[in-house]
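As structure tokens, the structure follows; a few thoughts come after it.
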Amino acid sequence: MSCLHIENLTVRFETRSGPVTAVDDVSLDHEPGECLALVGETGCGKSVLALALLRLLPAGARVQGRVRFEGRDLLALSEREMTSVRGREIALVPQNPSLSLNPVYSIGHQIGELYRMHRNMGRRPARDRSAEQLGRMGIQDPRRRLRQYPFQFSEGMNQRALIAAAFALSPRLIIADEPTRGLDETLRDEVVRELALAREAQGTRLILITHDLTAARALGDRIAVMYAGRLVEIAPTEDFFRNPRHPYSRGLIAALPENGFQPIPGPTPSLIKPPGGCRFYPRCSMKRDICALEEPPLRRKQERWIRCIREN
Amino acid sequence: MKAPGMAAGRAGAALLLAFILTAALAGVIAPHDPWERMDPYARPGGDHWLGTNDLGQDILSELIHGARVSLLVGFGSALLATGIGVLIGLLAGYFRGTLDEFLMGVTDVVLMIPRIPLIIILAAFLRPGFWLIALVIGCLWWTSTARVVRSRTLQVREMEFVRGARCLGFSHAHILASDVLPQILPVVLPKFMLTIASAMISEASLSFLGLGDPSMKSWGMMLNVAFTRGGFINEMWWWFLPPGLCITLAAGAVVLLGFSLEKEPAPDIEIGE
């Protein structure tokens, strides 16, 4: 069975003010067939984690740990082998859809390029497949739209074009980085629906990276919460929303509009000098004295994992 | 800004086109064979609009055939120089790191070589020839193109669509050719034009110094002959002025065109409606 296992993944960047540990000792299993939603505030390391999996971080990043995907360690592959994994086996839908498409090529050229380069298709069949793929993403009149350029598409349409491109080669795993960012509610619901449909149609597994809990709830089978580079809770979606256990998870859910917009007090900690002890301690409403001294491990409780002293 | 730039560009393009046509149709336009000997030292008029030289060769015909040599050397060496410059700049800027440092080190070394003296030394040891000159100019004139291309590549590689292409599994080679290169062309084209002008002037200087190919009549070679065989001393302006003017005009045309390309906004994209 195809699986993704992340073991003790740590990503460090050297900066002028000191090393930044953007992802700190993260271990995560992605079960076959599931959609995992990775949530957390901006800057908590979600996107860095995704880029690290596909080895797309800049050369200055130091990545440690293991990423096992279908029996191989992705971090040990050569760049050439990695290039054939990207797109064909694991595709990443990058952030900022309008900027992630090349402005000088038509949408059709950019989706068709995948079929032509990776599948050795001719121009015409590649165009047919692209139109089909774009139509599946809910874009009307895809043949005409294929001739247009990214600047003629709205942000939401570019997002869908990128998702269509990611699904094009039927990869086993798709990582979508903030696919609903900057979209209004209607568009967000549409993108979420199309992701769900495409996922069902092609049986692709999905990792959804988002700070949008509504999208995470709609798509995710499990929710993984990251805080300051650390995983703090992993739980099945329904349990998570019904009964969040980690104080940070509770804070996130209390901050939802339908629950009255109660913000989590205090600023996000610096990743250069993270607080000693539990990283959430300075902002936690249920802290005890010991929280400042030692960081609890990620502990298993039935189907969920929680990193909190109160769970002892 | 736009209007005068465009006008100058059009003038440059028209002039360059005229020179190219002259060069291409030299055999048809020229009234005489440039090697044919007639009355020497004829003044302009009648049969010889620009007179004849010391060997009785028709100067107008020499001038027309000279366009061919001068333009060929200019374009040929500029093509070579731009090719090398783009390749080195792209690789250095895209991959960065050690490769970047090595390639930019090589560029700095080549930049420091005094070009004309090097060619003089080469000409002293090798038989001066038309292709050798084009080759040597091509191999020396790429440094500034490489630097400009590198700095533009450094910008382009950070654009999100480059990462977007990598997310979808395109190789570095593919991204360089189809995502980065098209973004580089707007800075390469004007640079290419300036290199042509520079190469043409260098060829003329070398030929004037007597380091050119004596079997090819270029404008620089005509100046050299006029200088060494009494054209200047005897004030035969019809002998030395026309080739000098042609060099100036041709180089000027190319430079005007290059400047206008530099200013021109992004080309209109055909909108498929």
Side-chain angles (χ1 to χ4, degrees), chain A residues 50-51 53-60 79-80 82-111 113-114 116-118 143-152 158 161-162 165-169 171 174-177, chain B residues 86 90-104 149-190 261-262 264-273:
Chain A
L51 293 172
L53 295 186
L54 281 172
R55 303 242 312 265
L56 289 171
L57 289 170
E79 175 59 29
R80 182 183 287 268
M82 206 54 220
T83 302
S84 76
V85 169
R86 293 185 204 116
R88 275 182 252 205
E89 296 184 49
I90 306 179
L92 176 61
V93 183
Q95 286 189 32
N96 302 333
S98 298
L99 295 175
S100 296
L101 289 161
N102 192 327
V104 304
Y105 293 115
S106 69
I107 298 288
H109 177 95
Q110 299 188 54
I111 302 179
E113 203 175 23
L114 284 158
R116 285 185 279 113
M117 299 303 297
H118 289 308
R143 293 201 161 262
R144 185 176 66 87
R145 290 297 190 176
L146 281 181
R147 289 197 298 273
Q148 295 190 330
Y149 289 82
F151 76 92
Q152 294 167 298
N158 278 330
L162 269 181
F167 275 100
L169 301 175
I174 287 184
I175 305 175
D177 195 356
Chain B
V86 167
L90 270 184
L91 293 179
Y94 186 80
F95 290 107
R96 302 187 58 188
T98 325
L99 184 70
D100 183 20
E101 273 171 37
F102 172 72
L103 289 176
M104 285 302 109
V149 168
R150 172 181 173 270
S151 60
R152 180 75 184 131
T153 307
L154 283 175
Q155 292 176 330
V156 174
R157 81 189 288 278
E158 300 301 333
M159 289 182 179
E160 303 244 356
F161 57 79
V162 171
R163 181 131 85 186
R166 297 201 62 205
C167 290
L168 294 171
F170 290 109
S171 63
H172 287 308
H174 179 86
I175 291 171
L176 272 175
S178 83
D179 288 310
V180 183
L181 192 60
Q183 303 282 334
I184 302 294
L185 284 184
V187 303
V188 169
L189 277 178
L261 286 176
E262 211 162 31
E264 196 163 347
D268 291 336
I269 292 170
E270 190 191 326
I271 294 169
E273 270 300 323

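Proteins come first, then strands; the chains are lettered A, B, ... in the order of their sequence lines, and each starts at number 1. Keep in mind it's a predicted model, so treat the numbers as computed, not measured.
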Can you sort out the partners of A:Tyr105 under side chain to side chain donor-acceptor pair (under 3.5 Å), two or more places apart, ordered by chain and number? none
Which region of A:Glu79, side chain (C-beta onward) or backbone (N, CA, C, O), has a non-hydrogen atom less than 4.5 Å from a non-hydrogen atom of chain B, or is it both or neither? side chain
Within-4.5 Å side-chain heavy-atom neighbours: B:Ser171 and A:Met117: no
Go through A:Arg145, A:His118, A:Gln110 and name the one with the most non-hydrogen pairs under 4.5 angstrom from chain B. A:His118
What are the residues of residues 179-189 of chain B, in order of number, with any heavy atom under 4.5 angstrom from a heavy atom of chain A? B:Asp179, B:Pro182, B:Gln183
What part of A:Ala59 gets closer than 4.5 Å to chain B, counting heavy atoms only: side chain, backbone, both or neither? neither
Heavy-atom pairs under 4.5 Å with chain B: which of A:Leu101, A:Leu54, A:Ile175, A:Ile90 has the most? A:Leu101
Side chains of A:Leu114 and B:Phe170 in contact at under 4.5 Å (non-hydrogen atoms): yes
Quick one, B:Cys167 and A:Val93 - any side-chain contact, counting heavy atoms below 4.5 Å? no
Minimum-distance pair of heavy atoms, taken over all atoms of B:Glu160 and A:Asn96: OE2-ND2, 3.0 Å
Which value, rounded to the nearest 0.5 Å, describes the distance between B:Leu168 atom CG and A:Leu92 atom CG? 8.5 Å
Could you tell me if the side chain of A:Thr83 sits less than 4.5 Å from the side chain of B:Arg166, heavy atoms only? no
To the nearest 0.5 angstrom, please state how far the CG atom of A:Leu99 sits from the CE atom of B:Met159. 9.5 Å
